[in-house]
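The structure under discussion appears below in the form of structure tokens.
First the proteins, then the strands, lettered A, B, ... as listed; each starts at 1. The analysis underlying the following values was restricted to heavy atoms, covering all of them including side chains, and did not include hydrogens, waters or symmetry mates.
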Amino acid sequence: MGSVNTKVTLCGIEMDNPIIPASGTFGFGYEFAELYDINCLGTFSFKGTTKDPRFGNPTPRIAECYAGMINAVGLQNPGVEKVISEELPRLAKCFHKPVMANVSGFAIEDYAYTCEKLDKEDQVGWLEVNVSCPNVHGGGMSFGTQPEAAAAVTRAVKAVTKKPVIIKLSPNVTDIVSIAKACEEAGADGISLINTLLGMRINLNTRKPVIANKMGGFSGPAIFPVAVRMVYQVAHAVKIPVVGMGGVSSAEDVIELMLAGATAVEVGAANLVNPFACRDIINDLPRVMEKYRIQSLSEIIGQA
Amino acid sequence: MKQGIFEIKSNIALTATVYKMVLVGDTSDVTAPGQFVNILLDGLFLRRPISVNDCVGDELILIYKVVGKGTEQMAKMTAGQTLDVLTGLGNGYDLSKAGDRPLLIGGGVGVPPLYMLARQLREAGKEVSVILGFNTKDEVFCEADFKALGCDTTVTTVDGSYGVKGFVTNALPESYTYFYTCGPEPMLKAVYKATVTDGQFSFEERMGCGFGACMGCSCKTVTGNKRICKEGPVLTKEDIIWEA
Ligand SMILES: Cc1cc2nc3c(=O)[nH]c(=O)nc-3n(C[C@H](O)[C@H](O)[C@H](O)COP(=O)(O)OP(=O)(O)OC[C@H]3O[C@@H](n4cnc5c(N)ncnc54)[C@H](O)[C@@H]3O)c2cc1C
Ligand SMILES: Cc1cc2nc3c(=O)[nH]c(=O)nc-3n(C[C@H](O)[C@H](O)[C@H](O)COP(=O)(O)O)c2cc1C
Ligand code: FES
């Protein structure tokens, strides 16, 4: 079959391939840039950025699960000012494509503040607005669990930026479709999902929760079927593009999520275990495409 | 950091629960004592961090205690089997501060990383004192290795069944130029209080990645937030903030 076409277009921006390291699992890219040329990526979503600097939750923040992990990092980041003054210039040296800026907040004004700042940065291609982080008390979670609140964040962000706005949804809801639709109606340019599932582990020796914060976000291969289901539901209900994620660790998984309706695919926890995971998936895509007789990836989006 | 496949050369028990594994592979990224490696194991999602006990040529030596599924699996492995290992993780100890008569203080499985440090300090002509703390006689390991390097080596046991009775802090020498320590956190706190010079402490934390990507292992220090896996595991005495 010769050369296959891995290009996709996400909210008007063409990407060499649909592979995007997921926010929180790729830092600001440098650790990985030491290992391989990260320009092979479609793009990547940088660490969840907030208005003010955050240390995050106490440690332990990590627990292991079958085929996955729980994290309760709590959005540790240097705050949007430092992200712009320090991280982005450093990133510019090793990454030459539009990057996806992941934004979190605890009030609608925070989201707008952070997005307005990032809107002015040429390096930023997309804004991925996380209304779902389950780690922070009284924070992110509530926006993503109510259609009106998610829509309010969407409107506030859309009002301050011309860049495509992708709303990142929480799977910890009863009706994902109604929330996705509310965001679409509020002007979202895309939807990404799924964020982590709320989970918990208990240490039998200490008889206490493993994680200091008690609960955290469960991700990794174990959640892949949930991701496929939710991407499928949302992609069939909205007209805007969907970025799929949750447990992806192989080129086959990427194709499965695209068949479910994803235009692009994020890879999270897999990067932490195999730092070369995204590069390996990208290198393997042509082989798997040929195996399943796929000439162009963009043709299979939502075929299932 | 490098990812490599290492072949097990040997894997022997030192005590009822502590094993020594010699691996062979590309060790070129192991640049300082006190660094660690992160090991992928069958059926377990997260890698397991283990300190470098020593590294000579293409041999990487690890000493680990069996405490759960991952270390149990390691203990069952035999020569010829292979492991996927990330090497060159963490900052490691800074030897330049040692002075002429550095003191090394290790407790339990905090003892292993001090060996490579002691060897390099001895090679640099330093007079090295070592205090190794254990709970009881049956748990003592590595004593002969430090003695063979020519270190002035003292063992303490909590129950007094071997060496000096009590904690490592019961055996501190009168004078030393600097100190290096690794062990359980209560020991590190006691060492922090009992020592009279500057020094370096190696910390442990639950890790997601081990190479700085996930922010799973962060701690606050005097000079700002640090990742135990990247800006650590070794922190200087003056940099440490003890959490309540
Ligand atoms: C930088 C560093 C260096 C270390 N060096 C050594 C060493 O040289 N020798 C040695 O015996 N042990 C060392 N440890 C501790 C070792 O990593 C744990 O004992 C080991 O991961 C336990 O795995 P398990 O599957 O047997 O236990 P399980 O309890 O089944 O592990 C479950 C999860 O908890 C994590 N975990 C459990 N105990 C610890 C711990 N004490 N610290 C961090 N994570 C933990 C595991 O990595 C895993 O993700 C080190 C830890 C760190 C962070
Ligand atoms: C350690 C860690 C930190 C994360 N931090 C963020 C974050 O800051 N912002 C965000 O939107 N999602 C964050 N996530 C969620 C991931 O981006 C992703 O949605 C989720 O982990 C599911 O993908 P996976 O199963 O491939 O990991 C984090 C996940 C992990 C494991
Ligand atoms: S363990 Fe991931 S940043 Fe340290």
Side-chain angles (χ1 to χ4, degrees), chain A residues 21-32 34-36 47-48 53-78 135 201 203-205 210-212 216 218-222 247 249 268-277 280, chain B residues 1-5 26 29 31 37-49 66-71 73 83-90 185 203-221 224-233 241-244:
Chain A
S23 179
T25 64
F26 213 71
F28 286 88
Y30 335 119
E31 284 77 22
F32 295 85
E34 281 172 28
L35 297 174
Y36 65 91
K47 177 63 196 172
R54 287 176 55 82
F55 174 71
N57 291 320
T59 54
R61 297 174 171 181
I62 304 286
E64 189 178 60
C65 311
Y66 288 113
M69 62 183 284
I70 296 176
N71 89 85
V73 169
L75 292 172
Q76 179 176 354
N77 79 94
N135 291 338
R201 296 300 309 270
N203 180 328
L204 301 192
N205 285 315
V210 172
I211 287 182
F218 179 33
S219 72
S249 52
N271 294 303
L272 307 181
V273 179
N274 171 13
F276 296 98
D280 291 352
Chain B
M1 172 178 53
K2 266 200 179 142
Q3 180 179 25
I5 302 298
D26 178 357
D29 254 36
T31 52
V37 301
N38 217 358
I39 305 175
L40 192 64
L41 294 162
D42 267 355
L44 299 177
F45 189 67
L46 296 173
R47 290 173 182 263
R48 297 312 196 248
V66 175
V67 297
K69 281 187 203 147
T71 44
Q73 197 183 115
L83 284 171
D84 175 331
V85 184
L86 299 180
T87 55
L89 305 178
E185 202 161 302
F203 285 86
E204 278 187 12
E205 189 48 83
R206 295 241 169 191
M207 291 187 174
C209 62
F211 55 89
C214 74
M215 298 293 171
C217 64
S218 299
C219 68
K220 291 178 183 166
T221 74
N225 299 336
K226 292 193 172 165
R227 295 163 293 185
I228 292 292
C229 72
K230 189 85 181 176
E231 289 83 30
I241 299 174
W242 297 108
E243 297 284 330

Handout entry: From CE (B/Met215) to CG (A/Asn71), nearest 0.5 Å
Key = 12.0 Å
Practice task
For B/Phe45 and A/Pro221, work out which heavy atoms get closest and say how close.
Solution key: CE1-CD, 3.3 Å
Practice task
To the nearest 0.5 angstrom, please state how far the CG atom of B/Asp29 sits from the CD atom of A/Glu34.
Solution key: 9.0 Å
Problem - Carboxylate-amine/guanidinium contact B/Arg47 A/Glu64, below 4.0 Å - result: no
Problem - From CE (B/Met207) to OG1 (A/Thr59), nearest 0.5 Å - result: 10.5 Å
Exercise for the section: Output the distance between atom SG (A/Cys65) and atom CG (B/Leu44), rounded to the nearest 0.5 Å. Expected result: 12.0 Å
Practice task
Looking only at non-hydrogen atoms, find the nearest pair between A/Ile62 and B/Arg206 and report the distance.
Solution key: O-CD, 3.7 Å
Problem - Side chain, backbone, both or neither of A/Pro78 within contact of chain B (heavy atoms, under 4.5 Å) - result: neither
Fill in the blank from the handout: When the 4.5 angstrom heavy-atom criterion is applied to A/Phe26 and chain B, the contacting part is backbone
Fill in the blank from the handout: Okay, B/Leu46 and chain A: the region with an atom under 4.5 Å from a heavy atom over there is both
Problem - Contacting region of A/Tyr30 [heavy-atom separation from chain B under 4.5 Å] - result: neither
Exercise for the section: To the nearest 0.5 angstrom, please state how far the CG atom of A/Asn274 sits from the CG atom of B/Asp84. Expected result: 7.5 Å
Handout entry: Side chain, backbone, both or neither of A/Asn271 within contact of chain B (heavy atoms, under 4.5 Å)
Key = backbone
Practice task
Determine, for B/Arg227 against A/Glu31, whether the closest basic-nitrogen to carboxylate-oxygen distance falls under 4.0 angstrom.
Solution key: yes
Handout entry: Most contacts with chain B, counted as non-hydrogen pairs under 4.5 angstrom, among A/Pro58, A/Pro60, A/Gly27, A/Pro21
Key = A/Pro60
Fill in the blank from the handout: One should read off an interatomic distance between A/Met69 CE and B/Cys214 SG, to the nearest 0.5 angstrom, of 5.5 Å
Practice task
Under 4.5 Å heavy-atom distance to chain B, tell me which part of A/Phe32 shows up: side chain, backbone, both or neither.
Solution key: side chain
Completion exercise
The interface call for A/Ala222 against chain B, heavy-atom contacts under 4.5 Å, is neither
